[in-house]
There are 2 protein chains.
Amino acid sequence: MAVTLADVAKRAGVSSATVSRVLNGNYPVAARTRQRVLRAVSELNYVVNAYARALAVNMSDMLGVVVNDVSDPFFGLLAGAIQGEASREDLLAVICNTGGSPVEELRYVELLLRQRTRAIVLAGGCVDDADYLTELAGLIDQAASAGTRVVLCGRPPIEGARAVTLNFDNRGGARSLTRHLLAMGHRRIGYITGPPRHSTTTERLQGHREALAQHDVPWDEGLALDGGAFDRERGWEAAARLLALPDRPTAIIGANDSIALGVLAAVRESGLQVPKDVSVAGFDDLPFGLDAYPSLTTVRLPLLDAGRRAGRIAAGLDQAEPGAVSTIRPELIVRDSVAGPAS
Amino acid sequence: MAVTLADVAKRAGVSSATVSRVLNGNYPVAARTRQRVLRAVSELNYVVNAYARALAVNMSDMLGVVVNDVSDPFFGLLAGAIQGEASREDLLAVICNTGGSPVEELRYVELLLRQRTRAIVLAGGCVDDADYLTELAGLIDQAASAGTRVVLCGRPPIEGARAVTLNFDNRGGARSLTRHLLAMGHRRIGYITGPPRHSTTTERLQGHREALAQHDVPWDEGLALDGGAFDRERGWEAAARLLALPDRPTAIIGANDSIALGVLAAVRESGLQVPKDVSVAGFDDLPFGLDAYPSLTTVRLPLLDAGRRAGRIAAGLDQAEPGAVSTIRPELIVRDSVAGPAS
DNA sequence: TTGTAAGCGTTATCAC
DNA sequence: GTGATAACGCTTACAA
């Protein structure tokens, strides 16, 4: 079995309390005693048992981060930034993958609650389902009363829940992107959404529609396709359908960059050119957009920044009132995939 | 404070032992008693304390995954796959970011050892430094004697360490890539390496040199540039230097796809065309290579597969002898970024 | 400055 | 079937 504090104490000829004091350095210990203890520790290769420690102090040194998919750079960037801040406080950031499933998300939150993590960060948008949200609100409540901070990063606040929210202004970002296309002269703009009943999907589509309305462009149901997911595959499929339309759009917006990548591929494969024949735009500004062909016009979300802020609040480095909501502004990034429509 | 087993027991009018039995379902409990207990649990919103539990059973339900950088899809894919398998066994996978620093890596391994995780997966190549490796070997030894499995995924085995190794055949992959370029007629092939003294860097460069030697192409030191890191930036810089050479190469290989992306950009910005003027190739086959322009010829590493295998071993789903080493074969992926040299 | 001993919240081993 | 009770490995009053 593993070496315990008692083993070290015996070897050093002191009490286990003394060993604990040496290791934590929070009480005075004679220099010679300290030496002996430290020697015993290294001779035995002693490693504290985080469980026993956490049980005794009733406080863990972990911080939970729940994301849809670490292999998606959107979440990878967010998670990495959060972990960077956690590490400053010597906290271990646990990153959990839900695969986008609300059920898995709730399961992970419960798992993290069991671990008595210092904080839980829920990153990325979420499904807009009443049952799920009330259940989540319940868990957040439990977390709060157990002293576990909860940070919502990149999703809307939950009514009445004691969580700090850092939301992206998806609506505003989508509005400015669509405005840009309108200003370039586009009137028939295709739009491919993300997963249905998802906060990010809804907010971005709303912004798009608002911009159209502001410019008196009538809403055409047939131009807005349900992508079903935030991935390249779905972007490709939906774009193929849009391009097959008798009166095809002069521009296509993907609800995120991955979808837009699929659109780019579909346009290319149909023998048309971007942006000459069809303009394409995305959302998020993930690194690969720069190397896409043509480089992708998109809306930049400051993910690193947002992740850092969320991480600091979670790690207790920054104060934030439970219930506080702040909004992070996106920025329009104009590149080569958008031009005026062919006249 | 948080609700404890004793609180539940009091409320249900039973002993805490009974509550534990109901929750774990490993002993017979009368149906009526069970009902009462379950009601109390839900009324009080009881959540087990994983620390106390782990302390009592001397076994945690976590699994550690150590990577360089979650926001890099290479690691994201690996980590995601590992976590997927862990989750089948109801294990919580803790993903830790080292940022490529051996010091951080050792720190995280120690942190995970404290948590008494069931297993630790070290993913991705590592620095080839004797001190670091002996220290790591020591930690692996401690892990082994504490019953923590260690899996090395995507890095060379450590001599004598009780860890299971799943390595990529980087040398073989690089060899087949360079052979492909040679077969297309290239003789002046630029090569941009990853970070110095890094297992992946070394193995891939070795394979490249072997292929050159097999085809009697003399080794030209001036064509192999030290990228310094596996990123786009470095690829761009090194490529710019190669392109400025009086007798510039007809093809450039990046030690990974990110470097190759930088090369693509540098070639484009220098007014040359890929593959007409310069061919470009990468390594890893990350998703973005498909959307690069032109689409990237590369060497495919089955990351998802490798991650799954590592995850299954770590989670105890698959048996593997400590010390076992297996090699994962890469596959050449031919796309549009490579053509014959302009004659 | 150091040792003793009482928790921390579970599980597991006995009895009954 | 169920209830006491002793671990599990650590921290921290309280004594000495």
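Chain identifiers are assigned alphabetically (A, B, ...) following the order of the sequence lines, protein sequences preceding nucleic acid strands; residue numbering begins at 1 within each chain.
One interatomic measurement links the two molecules: CZ of A/Arg21 to P of D/dC10, which rounds to 15 Å at whole-angstrom precision. Here D/dC10 presents its C1' atom at 14 Å from OH of A/Tyr27, a figure rounded to the nearest Å. Computed from coordinates, the B/Tyr46 OH to C/dG9 P distance equals 10 Å when rounded to whole Å. For the pair A/Asn24 CG and D/dA13 P, the interatomic distance rounds to 13 Å; values are reported in whole Å. If you take CZ of A/Arg34 and P of C/dT2, they are 9 Å apart, rounded to a whole angstrom. Distance CZ (B/Arg114) to P (D/dG9): 17 Å, rounded to an integer number of Å. Distance, B/Arg32 CZ to D/dT2 P: 10 Å, rounded to whole Å. The interatomic distance linking B/Leu5 (CG) with D/dT5 (C1') rounds to 14 Å, in whole Å.
Taking the nucleotide of DNA chain D with the nearest heavy atom to each of B/Thr18 and A/Ala17, the more 5' of the two is matched to B/Thr18. Residue-to-nucleotide proximity on DNA chain C shows that, of B/Ala6 and A/Ser15, the 5′-proximal contact is made by A/Ser15. Between A/Ser16 and A/Ala31, the residue whose closest nucleotide on DNA chain C is further toward the 5' end is A/Ala31.
B/Arg107 pairs in a salt bridge (charged side-chain N to carboxylate O under 4.0 Å, His left out) with only one of the listed residues (B/Glu104, B/Glu105, B/Glu110), which is B/Glu104.
Heavy-atom minimum distance, A/Ala310 versus A/Leu166: N-CD2, 3.6 Å. Of all heavy-atom pairs spanning A/Leu78 and A/Ala306, the tightest one is CD1-CB, 4.4 Å. Looking at every heavy atom in both residues, A/Gln319 comes nearest to A/Gly316 through OE1-O, 4.3 Å.
Side chain of B/Val57, nearest nucleotide from C/dA12, C/dG9, D/dT11: C/dA12. With distances taken from any side-chain atom of B/Leu55 to the nucleotides C/dG3, D/dA4, C/dG9, the minimum falls on C/dG9.
Within the structure, a side-chain polar atom (N or O) of A/Ser20 is placed less than 4.0 Å from OP1 or OP2 of D/dT11. For the OP1/OP2 pair of C/dG9 and a distance below 4.0 Å, the side-chain nitrogens and oxygens of A/Asn58 include no atom meeting the criterion. Within the 4.0 Å cut-off from OP1 or OP2 of C/dC8, not a single side-chain nitrogen or oxygen of B/Asn49 is found. Under 4.0 angstrom from either OP1 or OP2 of D/dC8 there lies no side-chain N or O belonging to A/Thr4.
Backbone-only contact: A/Asn26 has heavy atoms under 4.0 Å from sugar-phosphate atoms and none from a base. B/Ala30 comes within 4.0 angstrom of sugar-phosphate atoms only, judged by non-hydrogen atoms across all strands, and of no base.
Looking only at side-chain heavy atoms (C-beta outward), B/Arg21 and B/Val37 stay at 4.5 Å or farther from each other.
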